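Each remark here refers to the structure printed beneath this line.
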Number of protein chains: 2
Amino acid sequence: MAKSKSFHHGDLKRALMRSALEILDKEDVAGVTIRAVAKRAGVSHAAPANHFPDRRALLTALAAEQFAVVFDKIRAGIDAKTSDTRADLDPLDRIAVLFDSFLTYGLEYPYRYQLLWRYDLVDHEVEIVKQPADRVYDFLVGEIEKVVDRNTVDPDTVSVTIWSMMHGYLDLRMTGMFEDRRDRISGAPRAQAMLMIVRDYLHDLGSRV
Amino acid sequence: MAKSKSFHHGDLKRALMRSALEILDKEDVAGVTIRAVAKRAGVSHAAPANHFPDRRALLTALAAEQFAVVFDKIRAGIDAKTSDTRADLDPLDRIAVLFDSFLTYGLEYPYRYQLLWRYDLVDHEVEIVKQPADRVYDFLVGEIEKVVDRNTVDPDTVSVTIWSMMHGYLDLRMTGMFEDRRDRISGAPRAQAMLMIVRDYLHDLGSRV
DNA sequence: CTTTCATATTGACACTGTCTATATTGACTT
DNA sequence: AAGTCAATATAGACAGTGTCAATATGAAAG
C-alpha cells in the first residue's frame, strides 16, 4: 500500500487536512494558520511545505473536499427521499433537496461554508475545486431546465437567481444582517419560507407553459 | 475652526480614510494594512493609533461611510427618476432603483462592496455601521410591505429573499462562480434580467390580492 | 551495509498589528 | 509674552504570520 503508514509521520497530508478542518469547526478561517495546523498535527511549522506549497494550497484542497461533501449530501438526500416515496422525485422536489442540503450544511458549519467562497484564499480555477462545484451547479441548472419554459424566461437567469438567493441568505446571516427583528423566524424555518417562494414562482412559471 | 488645518498633520483621520479607500479601489482589503495606509498618508506606522485604536476600527469607519454612500446613491436615483417622470414612483420602481443602485455600486467597486460584509473585519454591531445599513434595509422592507399582501406571503421573508438574491449575486460573481458559460449575459444585463424575475414575482403577488 | 531521496527540522527573513516610551507642537492659562 | 498642558506624532520593540534555505532523519532500494 502506498498511502497508509510508511514515512516519518505517515500520511501527514491527510492529518494536516483533518487538523485544519477541526480548527475550522471551532473558529474562523483566520485561525487556520500553517503553524497552528502543523502544531495540531504534531509536526514542525515547516513540515506542511512538503505537502502544500503554501497556505492557499492547503485551503484550496480543503475547499475542494468540502464541495464534494456538499454534493454527496445532496445525492444522499435525493436517494433517501426517492426510496421513501418509492417514486422518482419531480424537479421541484429535487431542487428543494438541493436547497435544503445547502442550507443545512451552511447553518451547521458556518466557517466551512464561508471558506468555500473565499476567493482570496481558495483557488477556484483549479480543477479539484471546479469539478465538484460545477457538479452541484450543473445539477441545479439541469432541474431548472426541466421546469422552465425557455420562451417565457431564460433558465440560466433563473438558476443564477436561485443560487444567489441561497448563498446570499447564508452569507448575510453570518454577518448578522438578518438578526433581531429582521429574522424573527430565523434559521431553518426562514429558509423553508424562502423555499416556498421559489416553489411558488417556479410552479407559476410551469403552469404558464 | 476645529476640523480644517491645525495640528501636526491636519485632520489625519480623514487622510487615513481616504488613503485606505484609495488602496481598496485597486486591491483587496488584505492590502489595507495599517502600515500601508500610514505610509500613503505620509506618517509613521504608529500614527494611526491616535485616531483608530486598531485596524478593525479603521475598516469599520470605512464601511460605515460606504453604507451611507450607498444609501445616498439610492436616494439620488429615486429623486432623479421622480423628477424625470414628474410623478411619484410606485413601489416596484423604487425597489428597482434600490436593486440597480446596489448592483451598480458592487460591480463598480468590488473591493469596497466586499468590505461591507466582512464581519470578521468590520464591527456590524456598532451604531455608525448599523444605522446606515438599517436605513437601506428598512427602505426595502417598507416598499415590499406596500406591494405584498400579508395574508398571501410574509413581507419579511420576501425582503430577506430579495436582499439575499441581490447580495448573493454580487458576492458569487466575485468568486468567479458565474463566469464562463454560466454568465454569458454578465454584469448589468444579467442583473436586469434578475430584476425582471423579481418584478414579475412581485407583480403577480400584487394582482392576487 | 550503503546509498538515495522523500520527508521533517531548525533557523532566518520580511511582513503584520500593537504596545511603550519619547518627542513635538498647537492651544490655552496666567 | 511666557509657560504649561494635552493632543498628536515618532521610534523601537515584540509576538505572530508565511515562506525560504540549509540541515538532519530515516525508510526503502541496491
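The analysis underlying the following values was restricted to heavy atoms, covering all of them including side chains, and did not include hydrogens, waters or symmetry mates. Being a predicted model, the structure only gives us computed values, none of them experimental. Below, chain A is the first sequence line, B the second, and so on; all start at residue 1.
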List, with names and distances, any nitrogen or oxygen atoms from the protein found under 3.5 Å away from nitrogen or oxygen atoms belonging to nucleotides 17-20 of chain D.
residue : atom : partner : partner atom : Å
D:dG18  : OP1  : A:I34   : N            : 2.9
D:dG18  : OP2  : A:I34   : N            : 3.3
D:dG18  : OP2  : A:R35   : N            : 3.4
D:dG18  : N7   : A:R35   : NH1          : 2.6
D:dG18  : O6   : A:R35   : NH1          : 3.3
D:dT19  : OP2  : A:R55   : N            : 2.9
D:dT19  : O4   : A:R35   : NH1          : 3.2

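- Remark: A:R173 fails to qualify as a cation-pi partner of A:F178 under the 6.0 Å distance and 45° angle criteria applied to the six-membered ring.
- A side-chain N or O of A:R190 and one of B:T157 form a donor-acceptor pair less than 3.5 Å apart.
- The NE2 atom of B:H51 sits 13 Å away from the C1' atom of D:dT10 (whole-angstrom rounding).
- Across the protein-nucleic acid pair, B:N50 atom CG and C:dT18 atom C1' stand 13 Å apart, rounded to whole Å.
- Rounded to an integer number of Å, the gap from B:L12 CG to C:dT24 P is 19 Å.
- Annotation for A:M196: atom CE does not count as buried by contact number, only 12 or fewer foreign heavy atoms lying within 6.0 Å.
- Considering every non-hydrogen atom in both A:L172 and B:S164, the closest pair reads CD1-CA, 4.0 Å.
- Here the rule is ring pair (Phe, Tyr, Trp, His ring centres under 6.0 Å) with A:W163, and of A:F102, A:Y169, A:F139 only A:F102 fits it.
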